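It should be emphasised that the depicted structure is a prediction, and the values quoted were computed from it without experimental measurement. Note: hydrogens, waters and symmetry copies are ignored here, and every other heavy atom, side chains too, is used.
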Amino acid sequence: MKKNFLTVLGTGIGNYFGVLYPALILFIIVMFSDYISGILVARKEAIENSDNIKYGLNSKKGILGIYKKIGYILAVFVSICIDYMIFWFSNEIGISVKRNTLFGLLVTIWFVLNEIISILENIKRMGVKLPKFLMKFLNNMQKNINDKNK
């Protein structure tokens with residue numbers, strides 16, 4: 001629920017100020033950071049559990065992670081295409097649309113929040129003690145995501 005609210009709020013503010021491109025840059029940065037933090041967690045857990053092959057770097061997991069990130073990028077691309085179609089065709093039929101982005105920014109912010117949560121989870125798994133407000137936020141997000149997946 002809070003993530004949905006943050007996404008809608010961020011989209012409204014971003015749409016008002018026209019910040020799709022900075023949001024896309026942020027999206028790429030947090031995706032890269034999440035991937036790197038995942039690699040670091042895998043290395044740390046491999047060192048801590050050297051007798052268990054379940055832990056450590058795994059090329060299959062790495063490739064699947066890359067595929068997932070590519071899927072995110074494609075979802076953002078499709079949402080931007082939908083925005084373009086709405087903007088273009090509404091102008092063609094004489095409807096004036098003041099903003100030319102909505103879904104692209106909405107999906108981008110959604111994925112940025114997902115990546116930030118994942119980075120926080122990885123930081124926690126690395127053994128870093130997070131501030132209480134971040135822990136509370138992270139626990140609430142995990143609970144909401146788990147409740148939605150049931």
Side-chain angles (χ1 to χ4, degrees), residues 1-49 54-90 97-150:
M1 182 69 172
K2 288 181 184 179
K3 188 165 133 185
N4 293 341
F5 174 74
L6 289 174
T7 302
V8 171
L9 179 66
T11 301
I13 293 169
N15 193 25
Y16 180 77
F17 290 109
V19 295
L20 176 62
Y21 297 113
L24 290 172
I25 292 168
L26 178 62
F27 173 56
I28 298 299
I29 290 170
V30 295
M31 273 197 329
F32 182 74
S33 299
D34 179 49
Y35 194 76
I36 296 300
S37 67
I39 291 171
L40 294 173
V41 166
R43 290 294 301 147
K44 178 195 177 280
E45 289 176 346
I47 292 169
E48 291 176 344
N49 303 291
K54 176 183 164 189
Y55 295 98
L57 293 175
N58 180 323
S59 59
K60 181 179 177 181
K61 285 182 183 177
I63 292 296
L64 291 175
I66 290 172
Y67 287 161
K68 184 177 175 182
K69 304 291 185 205
I70 291 171
Y72 288 173
I73 292 169
L74 291 173
V76 168
F77 173 73
V78 167
S79 63
I80 291 170
C81 289
I82 291 169
D83 283 341
Y84 177 76
M85 288 180 4
I86 291 170
F87 180 72
W88 178 265
F89 291 121
S90 64
V97 177
K98 303 247 187 249
R99 303 284 177 209
N100 60 358
T101 183
L102 175 63
F103 294 111
L105 189 57
L106 184 69
V107 172
T108 302
I109 290 174
W110 178 262
F111 284 130
V112 165
L113 288 173
N114 278 335
E115 294 297 291
I116 289 171
I117 290 168
S118 181
I119 292 167
L120 287 173
E121 289 171 348
N122 289 340
I123 290 170
K124 182 179 171 186
R125 287 174 55 197
M126 281 189 260
V128 175
K129 188 160 176 83
L130 296 172
K132 287 187 179 189
F133 71 92
L134 276 178
M135 289 299 299
K136 185 177 179 183
F137 174 77
L138 181 59
N139 290 333
N140 286 337
M141 287 295 122
Q142 287 174 327
K143 183 181 181 297
N144 288 336
I145 290 169
N146 290 336
D147 289 346
K148 300 265 183 195
N149 289 333
K150 289 182 180 178

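Going from atom CD1 of I82 over to atom CZ of F77 covers 11.0 Å, rounded to the nearest 0.5 Å. Considering CG of L105 and CD1 of I109, their distance stands at 4.0 Å, rounded to 0.5 Å. The CD1 atom of I116 sits 6.0 Å away from atom CG of L26, with the distance rounded to the nearest 0.5 Å. Expressed to the nearest 0.5 Å, how far CZ of F27 lies from CG of N114 amounts to 9.5 Å. For the atom pair CD1 (I117) and CG (L134), the distance works out to 11.0 Å, reported to the nearest 0.5 Å.
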CA sep, side-chain torsions, deciding dist, call: V30, D34, side chain to side chain contact (heavy atoms under 4.5 Å, CB included): CA-CA 6 Å; V30 295; D34 179 49; over 6 Å; no
Intermediate values then yes/no, side chain to side chain contact (heavy atoms under 4.5 Å, CB included), M31 and Y35: CA-CA 6 Å; M31 273 197 329; Y35 194 76; over 6 Å; no
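Closest approach of S79 to G104, counting heavy atoms only: OG-CA, 3.3 Å. Taking both residues in full, the closest heavy atoms of F103 and I86 are given as CE1-CD1, 3.5 Å, listed atom of the first, atom of the second, then distance. Between L130 and I123, the shortest heavy-atom distance links the atoms CD2-CG2, 3.6 Å.
You'll find the side chain of F111 stays beyond 4.5 Å of the side chain of I73, heavy atoms only. Counting heavy atoms from C-beta outward, S118 and N122 have side chains that approach closer than 4.5 Å. Here the side chains of Y67 and I63 are in contact, with some heavy-atom distance below 4.5 Å. Counting heavy atoms from C-beta outward, M126 and S37 have side chains that approach closer than 4.5 Å. You'll find the side chain of Y84 stays beyond 4.5 Å of the side chain of I80, heavy atoms only.
Using a 4.0 Å cut-off between charged nitrogen and carboxylate oxygen, K69 and E115 count as a salt-bridge pair.
In this structure, the side chain of Y72 does not engage the main chain of V112 through any donor-acceptor pair within 3.5 Å.
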